[in-house]
Amino acid sequence: MTKLTDPMFTDETAARAALEGIRWPNGPVCGHCGETERHYETKRVGRYRCGNPECRKDFTVTTRTVMESSHIKLHKWLLGFYLVSSSKKGMSAHQLHRMLGLTYKSAWFMHHRIREAMRAGGLDLPPLGGNGAPVEADETYFGNIDEPKTVRSDGRPYSKSGARGPANKRAIVSLVERGGDVRSFHVPHATKVTVTEIVNANVAREAVLYTDESRLYGDAKELVSAHEKVNHSAKEYARGPVHTNTIEGYFSIFKRGMKGVYQNCSEKHLHRYLAEFDFRYNARHVTDGERAALAVKGAEGKRLTYRQAN
């Protein structure tokens, strides 16, 4: 079981060995060409030279990862991955700054790069609800948008009471497979078209979809084997297996973390925070150390420059 007293969190040599064990369980792999057989050590500890005649480039365990070109020590990187991965509601950059002995600017940038490592994506993600598994879908709103608007996307004005919808709030749409993974999306507007596109791209055709009575999911019944609703406005929160309690539980964790830990989040970074909470939820059945190792593996093939993060 991983502990904060482990040598890899305090010693650079132990940290390098741990990182190489996570990224290269079968030996060094060239980050430039993928060569696995031909390589040799250089005079600089931890640096290897590719033996592929067409490559011949130097590489380290951080090459082509979010840690590449960083001046932060490897043991601090590992501790940062562990702390962020094991904190259920997140850990602020100020806390990382204090615990790791970094400047706040460095801790903030490190945190965003760890979130990038946690981000799942690509066309290889399997659809949720395969083999007829139930999937819950819901939307929520968190924080004010950066540029307030006086009218809705359909041209109607917002009312003071919010009767015509959440005025000037950031829209989030999430899908969760019961007992499985969650996927969250920050969208400019939560509309029927947007929600239908998300369901179509992320939910299997054989799945059973559970939602509330929102009209946003009116077209979803054409995309799944069955679509059941609960009527929250009539104080109906569960009807046998029909409920959205799982996704609402996820939203509860997300909002407690955002309000209690992070407190402030610009809209352009909201998708990174969603990726962080999605990652921890999806890796909830493993230990903290295993979750941190998964985050380190997720750093492969990703880069995030300071200019991109700002």
Side-chain angles (χ1 to χ4, degrees), residues 2 6-85 100 102 106-127 181 183 271-272 275-276 278-279 282-283 286-310:
T2 305
D6 282 1
M8 65 179 177
F9 295 143
T10 57
D11 179 74
E12 195 70 359
T13 301
R16 181 178 295 105
L19 272 173
E20 290 184 357
I22 293 172
R23 288 203 63 207
W24 301 334
N26 299 315
V29 179
C30 176
H32 303 288
C33 69
E35 174 67 43
T36 59
E37 299 295 334
R38 296 170 293 180
H39 64 270
Y40 52 92
E41 297 181 6
T42 65
K43 293 182 178 180
R44 185 172 175 181
V45 178
R47 183 177 292 275
Y48 303 86
R49 181 157 296 164
C50 181
N52 182 349
E54 297 181 1
C55 181
R56 302 288 293 174
K57 295 180 180 178
D58 288 358
F59 64 94
T60 70
V61 71
T62 64
T63 300
R64 299 293 171 90
T65 73
V66 297
M67 296 173 280
E68 186 172 1
S69 301
S70 172
H71 296 291
I72 299 173
K73 297 293 186 181
L74 291 182
H75 69 273
K76 294 189 177 184
W77 267 109
L78 271 184
L79 184 54
F81 270 102
Y82 181 80
L83 292 172
V84 176
S85 298
L100 301 182
L102 303 173
S106 295
W108 180 88
F109 187 32
M110 169 193 268
H111 206 168
H112 272 302
R113 285 191 280 186
I114 291 174
R115 292 190 183 103
E116 178 67 12
M118 291 176 167
R119 175 183 57 82
L123 300 177
D124 57 339
L125 287 178
D181 290 353
R183 293 181 194 171
H271 69 288
R272 302 192 193 281
E276 176 187 343
D278 280 3
F279 171 84
N282 296 341
V286 301
T287 66
D288 292 342
E290 291 170 334
R291 193 178 305 111
L294 289 174
V296 171
K297 290 180 181 179
E300 298 179 11
K302 297 177 182 176
R303 290 297 308 275
L304 183 66
T305 65
Y306 191 78
R307 184 182 297 274
Q308 290 173 320
N310 275 280

Is the backbone of Pro7 close enough, under 3.5 Å, to the side chain of Asp11 for a donor and an acceptor to pair up by distance?
no
Nearest heavy-atom pair of Ala295 and Met118: which atoms, and what distance?
CB-CG, 4.3 Å
Going by the angle between their ring planes, with limits at 30° and 60°, are Trp77 and Phe81 parallel, tilted or perpendicular?
tilted
How close do Gly34 and Val29 get, counting heavy atoms only, and between which atoms?
O-CG1, 3.8 Å
Keeping the roles fixed (side chain from Arg291, backbone from Val286), state whether a donor-acceptor pair exists under 3.5 Å.
yes
Just by modelled atom types, is the Val66 backbone N or O under 3.5 Å from a matching donor or acceptor in the Arg113 side chain?
yes
Quick check for you: to the nearest 0.5 Å, what is the distance between Asp278 atom CG and Arg115 atom CZ?
13.0 Å
Quick check: Trp24 with Tyr48 (ring centres under 6.0 Å apart)?
yes
From His75 NE2 over to Thr13 OG1, what is the distance, rounded to the nearest 0.5 angstrom?
11.0 Å
Tell me every residue that passes salt bridge (Lys or Arg N to Asp or Glu O under 4.0 Å) with Glu116, counting only those two or more places apart in sequence or in another chain.
Arg119, Arg272
Just wondering, do Leu100 and Met110 contact through their side chains at under 4.5 Å, heavy atoms?
yes
Can you name the residues that form a salt bridge (Lys or Arg N to Asp or Glu O under 4.0 Å) with Arg64, not counting sequence neighbours?
none
Ignoring hydrogens and angles, tell me if any N or O in the side chain of Arg47 forms a donor-acceptor pair with the backbone of Thr42 under 3.5 Å.
no
Any side-chain heavy atom of Arg303 sitting closer than 4.5 Å to one from Ser69?
yes
So, the side chain of Glu290 versus the backbone of Thr287: is there a donor-acceptor pair under 3.5 Å, distance only?
yes
Spatial distance of atom CZ (Arg38) from atom SG (Cys33) [nearest 0.5 Å]
8.0 Å
For a quick test of reading the model, state the closest non-hydrogen atom pair linking Leu102 to Lys76 and the distance between them.
CD2-CD, 3.9 Å
Correct closest heavy-atom pair for Asn52 and Glu35 would be CB-OE1, 3.9 Å
Given side chains that start at C-beta, do those of Leu125 and Asp181 come closer than 4.5 Å, heavy atoms only?
no
Rounded to the nearest 0.5 angstrom, the CG-CE distance for Leu19 and Met67 is 5.0 Å
Please report the shortest heavy-atom distance between Phe109 and Leu304, naming the atom on each side.
CZ-O, 3.2 Å
Looking just at side-chain N and O atoms, do Thr65 and Glu68 make a donor-acceptor pair shorter than 3.5 Å?
no
Heavy-atom distance under 4.5 Å between the side chains of Asn26 and Thr36, does that happen here?
no
Within this structure, what is the CE-CG distance for the pair Met8 and Leu79, rounded to the nearest 0.5 Å?
9.0 Å
To the nearest 0.5 angstrom, please state how far the CD1 atom of Ile72 sits from the CG atom of Leu78.
12.0 Å
For a 4.5 angstrom cut-off between non-hydrogen side-chain atoms, does His39 reach Arg49?
no
Counting N and O atoms only, with roles assigned by atom type, does the side chain of Lys302 sit under 3.5 Å from a partner on the main chain of Ala117, one being a donor and the other an acceptor?
yes
Donor-acceptor pair, Glu12 side chain versus Ala14 backbone, under 3.5 Å?
no
Closest heavy-atom pair and its distance - Ser85, Phe279
OG-CE2, 4.1 Å
Please determine whether side-chain contact (heavy atoms from CB on, under 4.5 Å) holds for the pair Glu276 and Ile114, giving the CA-CA distance in whole Å, both sets of side-chain angles, and the decisive distance to 0.1 Å.
CA-CA 8 Å; Glu276 176 187 343; Ile114 291 174; over 6 Å; no
